[in-house]
Structure formats: C-alpha cells, structure tokens
Student: 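One structure follows; several queries about it will come next.
Basis for what follows: all heavy atoms, side chains included, without hydrogens, waters or symmetry-related copies. From a predicted model like this one, the values you see are computed outputs, not experimental measurements.
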Amino acid sequence: MPDCGTFYPASFHVDRREKSLLDSSFDMLKIWNGGLGIPGAVMGGALALFIYCRVKKISFLSWIDVIAPGLALAQAVGRWGNFVNQEVYGLPSKFTYFPLAIYIDPAHRLSGFLNMAYYYPTFFYESIWNLLNMTLLLVLAHKFSQKLKAGDLFLIYLTFYSFGRFLLEYVRIDYSQ
C-alpha cells in the first residue's frame, strides 16, 4: 500500500495549485517539487488502512482510533519543516520576537510583503494545536474508554484539527510551495 501514502498527499498538493488533474498527473509523482498535503495523506492512509483491514478482517474504526493520536503528533512535528523552509507563515507582525513573530528572509517573502521582515509563525501555532489535539485524544481515550464507540476518537481528531486549521487560515498568507 505505499502508493496510497504518496499518491493521495501529492494529488491533494497538486490540486491546491489549481492545475487540471490531466495536465498535472505526472506532477503528483514529483514530490521533490512540492509538499505532500496533510488531508491527502490522511485520506491515502485511511484508504490503505481500510483495504488492509478488509483483507485481514479486522475493525477499521478501531484501528483509526489507535492511529489518531500518533497522526496528530506527526503533524505537530511535520510543521517544523515549514520553519526550515520558511513557508506557511502568517500575516506581517508588529512584534520581533518568537512566538509572536519570526523573521522571513527576503527571498522567501511573498510579493507585496517584501518590505516586511517579521510574520506570525502560523506553522508553530498549528504545531501547538496538533499537540493539544494529541493530548485531548489521549485523555479522552483514557477517561472515556468505556463510553467511546469505535471511530469516535478519529472523528474528534478530524473535528479538532479542522477547527484549528480553519482559524489559522485567517492569519496565514503563505502556502507551501
């Protein structure tokens, strides 16, 4: 199932660039030219897991609950790649110190913002949000293990992640290239 782990994230990332799928079908394989979209990775991983669970005749919903906290942690760690690449930052900040601002090299600034040096580190805020998501999932799994149904933790993961991402999109101006 390794193709699901690359194809879906890459296809989501290419789709965000608003190219026609037919025009860019081979671009999905060129992951060195861009990122792997998190929603695509989750969908591709879920598809691979679903197929695996069907073949092995095990509960898909139970397994996605097991994976959810680790997925949130992986997203938290992965966001630091945006720091290294100086991408996925927010609006210009009047502050000059972390965690309220990060310096972006002129080569990585968007046109229209070339004279502004400090920006809100939305990658960092999303990383913290994902760590909170992981913590919430682990606490809920521990405290309410008898009340939760299979698939509930993954649904909470999706809801919590989506809400945080929705809020951050209002601050974010840069998208990963």
Side-chain angles (χ1 to χ4, degrees), residues 4-21 23-24 27-46 64 67-140 153-177:
C4 290
T6 302
F7 174 77
Y8 276 89
S11 64
F12 182 82
H13 190 76
V14 168
D15 185 53
R16 284 188 57 208
R17 294 185 210 141
E18 299 179 6
K19 288 184 178 179
S20 154
L21 187 58
D23 294 340
S24 61
D27 287 350
M28 288 183 273
L29 303 175
K30 299 177 186 174
I31 59 173
W32 54 90
N33 285 342
L36 299 174
I38 291 170
V42 172
M43 289 185 285
I64 60 173
I67 291 169
L71 184 56
L73 176 61
Q75 286 180 262
V77 172
R79 275 295 168 209
W80 284 89
N82 301 127
F83 171 73
V84 172
N85 295 333
Q86 293 194 9
E87 60 186 7
V88 190
Y89 50 85
L91 295 166
S93 175
K94 63 182 178 180
F95 302 100
T96 58
Y97 52 88
F98 190 77
L100 297 176
I102 55 167
Y103 176 81
I104 300 294
D105 292 329
H108 297 285
R109 295 179 196 161
L110 295 174
S111 60
F113 297 95
L114 297 176
N115 294 329
M116 297 162 197
Y118 291 92
Y119 298 82
Y120 288 102
T122 53
F123 73 90
F124 173 72
Y125 304 148
E126 188 171 342
S127 181
I128 296 300
W129 186 259
N130 284 314
L131 288 174
L132 290 172
N133 193 358
M134 178 197 71
T135 303
L136 173 69
L137 294 171
L138 292 173
V139 167
L140 290 175
L153 279 181
F154 190 72
L155 182 61
I156 293 166
Y157 155 79
L158 286 175
T159 304
F160 196 81
Y161 170 76
S162 298
F163 179 70
R165 185 68 184 260
F166 172 78
L167 295 176
L168 286 173
E169 288 297 318
Y170 286 99
V171 179
R172 187 170 154 188
I173 59 169
D174 172 54
Y175 293 95
S176 59
Q177 301 299 322

Student: Please work out whether the ring planes of Y161 and Y157 are parallel, tilted or perpendicular, with thresholds of 30° and 60°.
Tutor: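 Ring orientation, 0 to 90° scale: parallel.
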Student: Determine, step by step, whether V42 and L71 satisfy the side-chain contact (heavy atoms from CB on, under 4.5 Å) criterion, reporting the C-alpha distance in whole Å, the side-chain angles of both residues, the deciding distance to 0.1 Å, and the verdict.
Tutor: CA-CA 8 Å; V42 172; L71 184 56; 3.8 Å; yes
Student: Testing Y125, Y103, F123 for ring pair (Phe, Tyr, Trp, His ring centres under 6.0 Å) with F83, which one passes?
Tutor: F123
Student: Got a sec, which residues hit side-chain hydrogen bond (donor to acceptor under 3.5 Å, both in side chains) with Y119, two or more places apart in sequence or on another chain?
Tutor: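 Expected list: none.
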Student: Return yes if some donor-acceptor pair links the side-chain N/O of Q86 with the main-chain N/O of D105 below 3.5 Å, else return no.
Tutor: yes
Student: Would you name the heavy atoms of N133 and I156 that are closest together and state the gap between them?
Tutor: OD1-O, 4.5 Å
Student: Does any part of the side chain of E87, heavy atoms only, come nearer than 4.5 Å to the side chain of H108, both counted from C-beta?
Tutor: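 Not in contact.
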Student: State, with a plain yes or no, whether a side-chain heavy atom of N130 is found less than 4.5 Å away from one of L73.
Tutor: no
Student: Do S93 side-chain atoms and L100 backbone N/O form a donor-acceptor pair below 3.5 Å?
Tutor: yes
Student: Give me the atom names and distance for the closest heavy-atom approach of Y120 to P92.
Tutor: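 Heavy atoms of Y120 and P92 come nearest at CE1-O, 3.5 Å.
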Student: Are F166 and Y170, when compared by the centres of their aromatic rings, separated by less than 6.0 Å?
Tutor: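 Centroid separation for F166 and Y170: below 6.0 Å.
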Student: T122 vs W129, test: side-chain contact (heavy atoms from CB on, under 4.5 Å). Steps then yes/no.
Tutor: CA-CA 10 Å; T122 53; W129 186 259; over 6 Å; no
Student: If we ignore hydrogens and angles and just use 3.5 Å, is the side chain of R109 paired with the main-chain N or O of L114 as donor and acceptor?
Tutor: yes
Student: With side-chain contact (heavy atoms from CB on, under 4.5 Å) as the test, would you mind laying out the steps for K94 and M116 before giving the verdict?
Tutor: CA-CA 9 Å; K94 63 182 178 180; M116 297 162 197; over 6 Å; no
Student: Could you give the distance from CD1 (I102) to CZ (F124), rounded to the nearest 0.5 Å?
Tutor: 10.5 Å
Student: Do you know the tightest heavy-atom contact between F160 and L136?
Tutor: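 Taking F160 first and L136 second, the nearest heavy atoms are CD1-CD2, 3.7 Å.
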Student: Tell me the closest heavy-atom pair linking P99 and P121, and the distance in Å.
Tutor: O-CG, 3.4 Å
Student: Do side-chain atoms of R172 reach the backbone of V88 as a donor and acceptor pair under 3.5 angstrom?
Tutor: no
Student: Please step through side-chain contact (heavy atoms from CB on, under 4.5 Å) for the pair T159 and F163, ending with a clear verdict.
Tutor: CA-CA 6 Å; T159 304; F163 179 70; 5.6 Å; no
